[in-house]
Every structure is written in structure tokens, then in C-alpha cells.
Amino acid sequence: MTLAELENMKAESLREIAAAGAAADVEALRVKYVGRNGSIPALIKAMKDVPKDDRPAFGKAVQAWRAEVESALAAKGAGAQSGGKSVDADLTLPGRWRSLGVKHPLTRVIEESAEIFGRLGFTVADGPELENRFNNFTALNTPPHHPSQDRSDTFWFGDDCLLRTQTSPVQIRTMMANKPPIRVICPGRTYRRDTTDATHSANFHQIEGLYVDTKPVSLADLKSVLAYFAKAMMGDGVTVRFRPHFFPFTEPSVEVDFTCHVCKGKGCNVCKQSGWIEVAGAGMVDPRVFRHVGYDPEQVSGYAFGFGVERIAMIKYGIPDIRWLYENDMRFLSQLG
């Protein structure tokens, strides 16, 4: 085919489109000329048969034809949809702004925590939210008479099925399935019958960490990891305080406080004039926990820690009421963009 023949075909196609009236006629011409098996795609496929010297000019002409046909079809289609009448439109009006969404503050804290601990060699472990008594209580050295096993504190389904009250069962599952060294964090949703005030919810998120090794692990190792996390998450001005405490699954056990982000440790209403905010619980893994998972406490040692994701989010973003995190109020969420 010569360029002259191509120009004649182009002129004919534009005449047909200009003469089309109904929307069905416009669609038929679209299929005829630019559809999958239309004239123009067929010419593009046949480019290999065009002499090599003529190929650039021929290809350029075909593409120009296609552009003119598509433009004419679009204009004709708009006229056909409006009944052949021109459509009134004010092209000077501003367009509709479609804002980008933002990640939920809980998702932000979980992802940022995983990234921070990932720098220290921790990987992320996951487990089911529906647990059994052994993984959630017995293996964690929690006695049957402990208040947390009461139905007023825990969501039970029968005698051996419950919604996990912490992500510690993931640590148990990880140790039972692997040999040391183990270095994991366990983020996830947990459940407790606790809706006493604006800082408590029946469901919440935790991130727990576990490090177990056959070489000596000390409380100093734990302190250095949490101090690094505090500065990476909250800023260089944050310091960490350890206070003696009791948890059934760690010995010794400590409460972990961060300096108040509001008053920088000077004392305010947020920290109850103490300059500190309680953030996490931690300690060295109790030997009886190691025995429950088949480890020899004489051969291994390790530490564990856990903190609430909501607590970190409320401190980091200045959120006064935990319920705001679950109400899906766009006015609140858009402020954290």
C-alpha cells in the first residue's frame, strides 16, 4: 500500500464518522477502524511487509490516522450521547481533588516497630487469635487460680478455647517449633474484658519480643534493645526507666517507662507529674517457661518484652482517647496524614 492510498482511506474513514448519527453507528465505525481486528491494527501488523526505507514514513502516517480517527470518534460519541446537542460545561471550574489516603496510626506503629526491630535482627512471627489454655496460660507459667484465667477477664469458648489475651502464645509456638537462637517480635490483636476507661478497650494490639540463645543473654541486653527502640520510635530525647515488677513468665521482671513526650520529663497532667509514662513489661524468661517448650534452662537463656501498640500510638500522636482509634472518623484520621 502506498502513502497516497493510505491518505484516501483516512479521508474516507473521517467522512463516515462525520456522517454517523446514532451511537450504534459510531460504535460500529470504532470497531471497523480501531477495534482489535479493525483496519488500522491490521495495517500496523502488516508493517513488516512494507519496504524498509518506506517503513518510518508509513508508520508515522498510520499513527496519525489512528489519532485523528480516535479523536473524531470521541467527539462524535459525546454528541450522540447528548442527543446531538452540544453539552454545556464550564471548563474553568476547578477539578475535584481526590486526596490520597493515609495509613491508620496503629498500622504505622506496627510497621515502624517491625522496621526498627528488624535492624536488630528480629523477624516477625504470627499466630492464631483463637488459642488454647496451654499456649495462652499454662506454658507461660500462669497458675489456674490467676485472675486472668477468670471468665470475667478473658473471652472463653468452652474450657480449652479462648481469644488470646496477649501475643505471648506466638512466642510459645515459635519456641516449640524451633531451636535457639530465636529472635522474633509478635505483633497482633488481643482480647480482654476491659473497657473501664478511655485508655482501655476489649480488643487491642500488642507487640511482644523474644530473644533466646545458647550463649548468655542478660538484662543489660534487654535494656539496650528497649533503649534503642525508644529513641528510634519517640526521638533522641527519650530515656528509659526500669522498675522491678512481677510477671509469671519472666524472672526477674521489670516495668519499662519512657520519659513523657509532652513535658520531656518535667512533670505534667499526662504523666501525673511523674515525668514518666509506663509503656511495656519485660524480663528474663522464667526457666519454667523453657521447660514447658522443651528447652533446657541450663543450656539457654533469653529475655521477653511486650507493649501495647495503642499506648505507643496515643503517646506518639497525642491521642487522648483509645476509642478514637476504632471509630473510623475521617475527621480524626485525616489529621494524621
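All values derive from a computational prediction rather than experimental measurement. Worth knowing before you read on, the calculation uses all heavy atoms, side chains too, and leaves out hydrogens, waters and symmetry mates.
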[X] and [Y] ion-paired at < 4.0 Å:
X      : Y      : answer
Glu16  : Lys32  : yes
Arg151 : Asp159 : yes
Arg66  : Glu70  : yes

For [X] against [Y], the heavy-atom pair lying closest together:
X      : Y      : result
Val26  : Ala20  : CG2-CB, 4.1 Å
Pro180 : Thr214 : CB-CG2, 4.2 Å
Ala72  : Leu14  : CB-CD2, 4.2 Å
Leu210 : Ala304 : CD1-CB, 4.3 Å
Asp160 : Phe134 : OD1-N, 4.4 Å
Ser113 : Phe307 : OG-CZ, 4.1 Å

Side-chain H-bond candidate by donor/acceptor type, Asn328 with Tyr326, under 3.5 Å: no
task: Answer with yes or no whether the side chains of Gln166 and Tyr191 bring together a donor and an acceptor at under 3.5 Å.
output: no
- prompt: side chain to side chain contact (heavy atoms under 4.5 Å, CB included) between Phe242 and Val240: does it pass, once the steps are laid out?
  reply: CA-CA 7 Å; Phe242 282 56; Val240 180; 3.4 Å; yes
field: Stepwise salt bridge (charged side-chain N to carboxylate O under 4.0 Å, His left out) test for Glu115 and Arg119
entry: CA-CA 7 Å; Glu115 193 274 330; Arg119 300 175 207 162; 2.6 Å; yes
field: Results of ring-ring contact (aromatic ring centres under 6.0 Å, His included) for Phe305 - residues two or more places apart only
entry: Phe117
Look only at the side chain of [X] and the backbone of [Y], and say whether a donor-acceptor pair between them is shorter than 3.5 Å.
X      : Y      : answer
Tyr211 : Val217 : no
Asp213 : Pro181 : no
Thr174 : Val170 : yes
Arg164 : Gly127 : yes
Asn135 : Glu131 : no
Glu310 : His205 : yes
Thr190 : Thr167 : no
Lys316 : Met233 : yes
Trp156 : Gln149 : yes
Ser253 : Thr250 : yes

- line: The single option from Asp153, Asn136, Thr142 that satisfies side chain to side chain donor-acceptor pair (under 3.5 Å) with Thr165 is Asn136
Would you say [atom1] of [X] has more than 12 non-hydrogen atoms from neighbouring residues, nucleotides or ligands within 6.0 angstrom?
X      : atom1 : result
Arg331 : CZ    : no
Asp296 : CG    : yes
Lys223 : NZ    : no

- prompt: Is there a side chain to side chain contact (heavy atoms under 4.5 Å, CB included) between Glu251 and Met284 once you walk through the steps?
  reply: CA-CA 5 Å; Glu251 180 59 39; Met284 304 304 295; over 6 Å; no
- prompt: Of the options Arg311, Lys272, Arg243, which is the one that meets Asp257 in a salt bridge (Lys or Arg N to Asp or Glu O under 4.0 Å)?
  reply: Arg243
message: Does His245 form a ring pair (Phe, Tyr, Trp, His ring centres under 6.0 Å) with Phe247? I'd like the steps, not just the answer.
response: CA-CA 7 Å; His245 198 71; Phe247 298 110; 4.9 Å; yes
message: Leu29 vs Val31, test: side chain to side chain contact (heavy atoms under 4.5 Å, CB included). Steps then yes/no.
response: CA-CA 5 Å; Leu29 291 171; Val31 173; over 6 Å; no
